[in-house]
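Single-structure report; data block below.
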Amino acid sequence: MEPEPRTPEIRLRIDPELLFFLPAARRREEQTVACDGTSSLGHVVEALGVPLPEVGALTVDGARVDPSHLPKPDERVHVAAVPRPQPVPLEPGQEAPRFLLDVHLGTLARRMRLLGLDTAYHNDMDDPALVVQANEERRVLLTQDRGLLRRRALWFGAYVRGARPDDQLRDLLERFAPTLSPWTRCTACNGRLVPVGKEEVAPELADGTRRSYDVYGRCTECGQVYWRGAHGDHLERIVQEAARTVAAARAARPAPSPGAPPETGASGALNGAAS
């Protein structure tokens with residue numbers, strides 16, 4: 001009898017940071033996957049459960065390839081996580097990335113605004129509308145919805161790790177190490193805050209607030225008045241911890257190799273190629 005023909009396979013090594021995306025039964029670094037000759041490498045990676053915006057360099061037998069690469073039998077593939085801090089394309093004069101958060105990340109949105117990050121958030125926006133806004137305004141879409149990250153039209157997305165707002169904020173700051181401008185944005189609507197005289201806002205203040213505080217700001221968009229109130233110390237601790245996290249992330253950034261292009265991750269080229 002003739003032996004059964006061997007099914008063509010490729011071997012993948014997946015960075016530990018990406019393993020939690022895989023089903024529990026497959027949560028190991030070394031993977032063997034059938035090679036059908038028609039599926040792109042991007043499709044193979046997403047079929048395992050890893051959203052492509054979370055993938056950094058893809059290498060085959062040591063050479064970097066695009067997600068559109070068609071694997072060949074017996075190739076050895078390394079699936080790397082995005083580098084940290086991850087660069088984001090910025091427009092001239094733009095100091096930090098702009099962000100857009102999905103409906104489940106409202107507390108994180110408020111904390112990001114506290115830090116002065118341009119953070120759009122809507123509690124009633126569906127997935128297609130989120131992608132449209134992210135693309136039109138060149139905002140990084142933050143989400144814990146893996147399906148949303150797999151939308152091909154999305155220009156730049158990131159999965160937020162953690163269940164608690166403290167952990168989510170730390171993950172964001174470690175991933176992007178953005179420039180912070182604390183106390184400059186409205187936590188309610190994301191508008192800019194400007195200083196305002198006490199006499200101007202006095203009619204809007206309670207008697208106790210008027211007597212206790214002298215420094216105020218107002219949102220240029222919604223008109224909300226701000227002052228350092230009873231929660232000021234707690235908020236200041238959030239700001240100070242955020243600054244330390246960003247500083248540590250930047251200090252840990254590896255020096256680029258001479259002549260090497262900046263590594264921004266694979267997501268910019270993936271979403272139209274992973275099929």
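Numbers here simply count residues along the sequence, with the first being 1. The model shown is predicted, which means the values in this text are computed figures rather than measured ones.
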Donor-acceptor side-chain pairing of Gln31 and Arg11 below 3.5 angstrom: no
Just verifying a value: how many Å separate Leu105 CG and Gln144 CD, rounded to the nearest 0.5 Å? 5.5 Å
Nearest 0.5 Å, please: how far is CD in Gln168 from OG1 in Thr107? 8.0 Å
Non-hydrogen side-chain atoms of Pro165 and Arg111 separated by less than 4.5 Å: yes
With a 4.5 Å heavy-atom cut-off, do Met112 and Arg110 have their side chains touching? no
Assess, by modelled atom type and distance only, whether the side chains of His122 and Asp102 contain a donor and an acceptor separated by less than 3.5 Å. no
CG of Leu52 to OG of Ser40: how many Å apart, nearest 0.5 Å? 8.0 Å
Is there a side-chain contact (heavy atoms from CB on, under 4.5 Å) between Val239 and Leu180? Walk through the geometry before answering. CA-CA 9 Å; Val239 169; Leu180 306 180; over 6 Å; no
Salt bridge check: are Arg98 and Glu91 linked by an N-O gap of less than 4.0 Å? yes
Do Arg175 and Glu54 sit within salt-bridge range, that is, some charged N less than 4.0 Å from a carboxylate O? yes
With a 4.5 Å cut-off on side-chain heavy atoms, are Ile14 and Phe21 touching? no
Any ion pair linking Arg218 and Glu204 (charged N to carboxylate O, less than 4.0 Å)? yes
Rounded to the nearest 0.5 Å, how far apart are CG of Asp171 and CG of Leu173? 9.0 Å
Please tell me whether Phe99 and Tyr121 form a close aromatic pair, meaning their ring centres lie under 6.0 Å apart. no
Around atom CZ of Arg244, are there more than 12 heavy atoms of other residues, nucleotides or ligands at under 6.0 Å? yes
Atom CZ in Arg237, atom CD in Gln240: separation rounded to 0.5 Å? 11.0 Å
Side chains of Leu58 and Pro67 in contact at under 4.5 Å (non-hydrogen atoms): yes
Identify the two heavy atoms, one from Arg185 and one from Arg113, that lie closest to each other, and give their separation to 0.1 Å. CB-O, 3.5 Å
Would you say Val77 and Val44 make side-chain contact, with heavy atoms under 4.5 Å? no
CG (Leu141) and CG (Leu100) are apart, to the nearest 0.5 Å, by 5.0 Å
side-chain contact (heavy atoms from CB on, under 4.5 Å) partner of Phe156, the single match among Arg139, Arg138, Gln86: Gln86
Salt bridge check, Lys198 against Asp214: does any charged N sit closer than 4.0 Å to a carboxylate O? yes
In terms of heavy-atom contacts, Arg146 and Gly49 come closest through NH1-O, 4.3 Å
Leu169 and Leu115: CA distance, side-chain angles, deciding distance, side-chain contact (heavy atoms from CB on, under 4.5 Å) verdict: CA-CA 10 Å; Leu169 183 60; Leu115 300 176; 3.9 Å; yes
Taking the six-membered ring where the residue is Trp, are the ring centres of Tyr159 and Phe20 under 6.0 Å apart? yes
Do the non-hydrogen side-chain atoms of Glu29 and Leu19 ever get within less than 4.5 Å of each other? yes
Just so I know, are the side chains of Val140 and Phe176 near enough to count as touching, which here means a heavy-atom distance under 4.5 Å? yes
Do Glu75 and His69 have side-chain atoms, one donor and one acceptor, less than 3.5 Å apart? yes
